[in-house]
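Let me begin by presenting the structure, written as structure tokens, before commenting on it.
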There are 2 protein chains.
Amino acid sequence: MPRDATLEDVARHAGVSLATASRVLNGSTRQVGRALRERVERAAAELGYTTNRAAQALARSASDILGLVVHDLSDPYFAVVANAVVRESERHGLSVMVGTTFRDPEAEIGYVATLRAQRVRAIVLAGSRIADETVTERLRAEIDRFQGGGGRAALIGQDLLGVDTVVPDNRAGAYELARALAGLGHTRFAVLTGPSFLLTAVDRVEGFTAGLAAAGLPEPLLIPGPFDRDGGYLAAERLLALRDTTAAGVTCVFAVNDVMAVGALAALRAHGVAVPEQISVAGFDDIPTLRDLTPSLTTVRLPLADMGRRAVELALATTGPAAEPATAEVVLRESTRRVS
Amino acid sequence: MPRDATLEDVARHAGVSLATASRVLNGSTRQVGRALRERVERAAAELGYTTNRAAQALARSASDILGLVVHDLSDPYFAVVANAVVRESERHGLSVMVGTTFRDPEAEIGYVATLRAQRVRAIVLAGSRIADETVTERLRAEIDRFQGGGGRAALIGQDLLGVDTVVPDNRAGAYELARALAGLGHTRFAVLTGPSFLLTAVDRVEGFTAGLAAAGLPEPLLIPGPFDRDGGYLAAERLLALRDTTAAGVTCVFAVNDVMAVGALAALRAHGVAVPEQISVAGFDDIPTLRDLTPSLTTVRLPLADMGRRAVELALATTGPAAEPATAEVVLRESTRRVS
DNA sequence: TGGGCGCCGGAAAGCGTTTTCCTGGCTGAA
DNA sequence: TTCAGCCAGGAAAACGCTTTCCGGCGCCCA
């Protein structure tokens, strides 16, 4: 198999020096005379030359790759974010390298190391931080090394000191949601909290609780569980089991993210509990699949695509702009109803 | 900012030659004595050395990147496939570079060129081919150049002569679906066909029609439209508009993919048409979000994750194994009912 | 004891670009 | 006409690795 044509092949074919060929084909501040320029271009076309990006990256010591780390591409939340990140990166002429961690913090750290080895231009890390000092510290250390080597990084989600971050306004969103639901007349709530070590989940629970308090309502019943759909399903079943005891009188349940809410909906349906007639359900994120659910799900909208876009900008900006939080907006739909 | 430590720094720090350091740190067939090996390892640790993959790729002329091209990461179909591809690639020690084309064939060709420039090890192309000879030809040419340069490629979806492909058995799946629906007593069908230039869509329509014919039923009413959710929504509305004329008597509608079916479901609901009481609906693919819909959607299951995995294997295999089609399996759910 | 052989280390030649100098020819101003 | 200054073009030194040789040493076997 004939190896790809190299720049040297082109130069020889055109009868010019390597330097000239490089200047013509891969851009430079320097000018090249019209005649030579055309000779080079013709030669390149004839040989089917394509720049070897790896070599280029080495010589320029700057790659045009952006690294993206997400938990799970098949989760709609990350799918939307990743899509936006890829799109925005392409707009900037960058290719995207993705890694999935499946919520394993070690994998996350490892992936940052891999991307650092690739000497990618920037890294975007999507996904919640964890309430584990030593793991967080190691991640930060890894990121610091990357940034120390001239790379740039941006996060989506929880803040990590010293790294630019697009933070969704989890507390405020959950706070407003609580007030809105209180406004519908609900007084007794349950919260499917997700795991207590996930800062995003914790923030939302706290914001929600604060919102209830502000409305003069008692603390909600907290039901922990995994952060995914099946976690929501199980938590909802736990809630049902408590109906006659601690959960008596609960008319509304808040799942700290949409996929959990979807799972909860499925559990309720499976157990013959009508939503919203018997119980109201709300989620958080506003993933796109929600609109096609019956009943459609009340949630707090996060500008997911926009967040992805902004993270790329943040990671590419030479100046580190302060990150204003991404505003969250309550969206009331069919899954929550007014009670007397 | 202190630039990253290089292998030469490590070698000097350890008092050995570059060659020895390389052999210790980045693998080699050759042995290195215990004493030196330890010196090198210690030096690397002290300096925080990380291999520069770009340089390594250049020197080895073989990268450890796999390129993935999909239409749209936020479409559940591609999200699942991409997830599997990333996962399997990681298992093989490869990083994945993704590109999204948003169904633009030019973008697809362009992305293959970009990946070729990166000299990625292999390319996986997910997404339907198009019934446009010249575009297809150019894509094939681009892939050929990539393979000519020593790369490997695999497709998911439509076959493209000379490239290894994981083909879902669209015809057979649609054929079986038609027979199953006929078995439920339906006789008059509509098909939301998607665009006529999408080979996947065409295959499914043809398979479905053939299945109906085999059951002794007349040809279905064909309603074209875009291949996405909103296309399904619009096509369903068109169907409703024809209820009293050409679509009279239609009791079952087949959307050639699930996201279209979801859109159709939404349209029917918006127009107060009960599914499955007034009309049955079926889709194709079995994307994961389906199970949480009400009514749950009848569909043809494709082993999406498995297809992604197999595509990676195909792209990595040195021997080009013949591609047996991925088998499609009819899954009857609540959205289709038995009629008298 | 001597001649192969096998191994371990190191020197150096790549891998395909970019970029810094250097050179020689022109231009324009004095 | 001369000289400073500019500019296009080329030679060659990076960029950070891998890998091919080559030399030297110890070992085994005759």
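Residue numbers start from 1 in every chain, and the chains themselves are labelled A, B, ... in the order their sequence lines are given, proteins ahead of strands.
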If we check side-chain hydrogen bond (donor to acceptor under 3.5 Å, both in side chains) with A:Glu108, which of these qualifies: A:His71, A:Arg103, A:Arg129? A:Arg129

How long is the span from the [atom1] atom in [X] to the [atom2] atom in [Y], to the nearest 0.5 Å?
X	Y	atom1	atom2	result
B:Thr114	B:Met97	OG1	CE	9.5 Å
A:Ile156	A:Arg309	CD1	CZ	11.0 Å
B:Asn26	B:Arg60	CG	CZ	6.0 Å

To 10°, what angle do the rotation axes through the five end pairs on each side of the helix from C:dT1-D:dA30 to C:dA30-D:dT1 form?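 So the angle between the two local helix axes works out to 40°.
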
How close or far is atom [atom2] of [N] from atom [atom1] of [X], stated in whole angstroms?
X	N	atom1	atom2	answer
B:Leu58	D:dA14	CG	C1'	13 Å
B:Arg12	D:dG16	CZ	P	11 Å
B:Gln118	C:dT17	CD	P	13 Å
B:Asp9	D:dA14	CG	C1'	15 Å
B:Glu8	D:dA14	CD	P	11 Å
B:Arg119	D:dC17	CZ	P	21 Å
A:Asn26	C:dT18	CG	C1'	9 Å

For B:Glu133, does the CD atom sit with more than 12 other heavy atoms under 6.0 Å from it, leaving out its own atoms? no

Got more than 12 heavy atoms from elsewhere within 6.0 Å of CZ, B:Arg87?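 Not more than 12 within 6.0 Å, no.
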
Residue-phosphate contact under 4.0 Å: [X] side-chain N/O, [N] OP1/OP2:
X	N	value
A:Gln56	C:dG16	no
A:Gln31	D:dC7	no
B:Thr6	D:dC17	yes
B:Asn52	D:dC15	no

Polar pairs (N or O, both sides) under 3.5 Å between protein and nucleotides 10-13 of chain C?
residue : atom : partner : partner atom : Å
C:dG10  : OP2  : B:Ser17 : N            : 3.2
C:dG10  : OP2  : B:Ser17 : OG           : 3.4
C:dG10  : OP2  : B:Thr20 : OG1          : 2.7
C:dG10  : N7   : B:Arg23 : NH2          : 2.8
C:dG10  : O6   : B:Arg23 : NH2          : 3.2

Across the strands shown, which category fits B:Thr29 at heavy-atom distances under 4.0 angstrom: base, sugar-phosphate, nothing?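 The residue B:Thr29 makes no contact with any strand.
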
Nearest heavy-atom neighbours spanning B:Ala122 and B:Leu316: CB-CD1, 3.9 Å

B:Val32 and B:Arg37 have their tightest heavy-atom pair at O-NH1, 3.3 Å

Go through the side-chain N and O atoms of A:Thr100 and A:Asp72 and say whether any donor and acceptor fall under 3.5 Å apart. no

Just by distance, with hydrogens left out, do B:Arg116 and A:Thr50 show a side-chain donor and acceptor under 3.5 Å apart? yes

So which protein N/O to nucleotides 25-28 of chain C N/O distances come out below 3.5 Å?
none

Nearest-nucleotide wise, let me know which of B:Ala59 and B:Arg34 is further upstream toward the 5' end of DNA chain C. B:Arg34

Under 4.0 Å between a side-chain nitrogen and a carboxylate oxygen: does that hold for A:Arg138 and A:Glu106? yes

Between A:Arg140 and A:Glu137, does any NZ, NE, NH1 or NH2 come within less than 4.0 Å of an OD or OE carboxylate oxygen? yes

Options D:dT18, C:dT18, D:dC17, nucleotide nearest the side-chain atoms of B:Arg60: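 Closest nucleotide to the B:Arg60 side chain: D:dT18.
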
